[in-house]
Amino acid sequence: MDESKYQRIWQTVLQIPAGKVASYGQIADLAGLPGRARLVGKALGKAPPELEVPWFRVLRSNRSLAFTPGSEVAELQRQSLLAEGVLVKNNRAPQQDVWQPDLAELLFKLNY
DNA sequence: CCATTGACTTTAC
DNA sequence: AGTAAAGCCAATG
């Protein structure tokens with residue numbers, strides 16, 4: 001199985017700073033995989049724990065959590081975000097906490 | 001192969 | 001602002 005796409009996705013998500021969030025589509029774009037938002041979710045589900053990929057910083061395009069509200073994993077995500085200052089209210093994160101990366105710096109770090 | 005399935009997005013009410 | 005429908009595309013059976 002070709003994991004290179006997953007690796008790129010994981011590396012991209014690792015660039016999201018604490019206290020910031022990004023959308024699945026945004027990560028796909030930044031990872032050089034436009035149109036593959038759904039693949040990002042898949043990749044996050046398969047991320048090796050030792051990589052410590054901050055999966056909880058990835059939300060839908062409207063900044064809502066992707067999991068069923070009230071579910072255990074949704075709670076974990078909400079808590080994790082709260083712990084770094086992102087206040088999720090009504091299942092939504094504030095617009096002000098959306099990550100806006102410096103593209104030149106990001107591309108340099110990812111070495112694409 | 002064809003069909004179904006999503007940690008999704010966009011558009012149109 | 002919230003919802004529904006359609007579009008999307010790799011993975012899976």
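In what follows, every chain begins at residue 1, and chains take the letters A, B, ... in the order their sequences are listed. What you see is a predicted model; the values in this text were computed from it and never measured.
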If two hydrophobic side chains count as joined below 4.5 Å and joins carry through other members, does V73(A) share a cluster with Y24(A)? yes
Check whether any side-chain heavy atom of E75(A) sits under 4.5 Å from a side-chain heavy atom of E72(A), and report yes or no. no
Say whether W55(A) and L82(A) are linked into one hydrophobic cluster, either directly or through other cluster members, by side-chain heavy-atom distances under 4.5 angstrom. no
Pairs: protein N or O with nucleotides 11-13 of chain B N or O, under 3.5 Å:
none

I'd like a table of atom pairs between the protein and nucleotides 7-9 of chain B - only N or O on both sides, under 3.5 Å - with the distance next to each one.
from: dA7(B); atom 1: N3; to: Y24(A); atom 2: OH; distance (Å): 2.9
from: dC8(B); atom 1: OP1; to: R60(A); atom 2: NE; distance (Å): 3.1
from: dC8(B); atom 1: N3; to: R38(A); atom 2: NH1; distance (Å): 2.8
from: dC8(B); atom 1: N4; to: R38(A); atom 2: NH1; distance (Å): 2.8
from: dC8(B); atom 1: N4; to: R38(A); atom 2: NH2; distance (Å): 3.1
from: dT9(B); atom 1: OP1; to: Y24(A); atom 2: N; distance (Å): 3.3
from: dT9(B); atom 1: OP1; to: G25(A); atom 2: N; distance (Å): 2.7
from: dT9(B); atom 1: OP2; to: S61(A); atom 2: N; distance (Å): 2.8

Look at the side chain of N62(A) and the backbone N and O of S64(A), then say whether any donor-acceptor pair between them is shorter than 3.5 Å. yes
Check the pair V13(A), L44(A) against side chain to side chain contact (heavy atoms under 4.5 Å, CB included), reporting the backbone distance first and the verdict last. CA-CA 9 Å; V13(A) 173; L44(A) 289 179; 4.0 Å; yes
I'd like to check I27(A) versus I16(A) (side-chain heavy atoms, cut-off strictly below 4.5 Å). Are they in contact? yes
Just so I know, are the side chains of L59(A) and S23(A) near enough to count as touching, which here means a heavy-atom distance under 4.5 Å? no
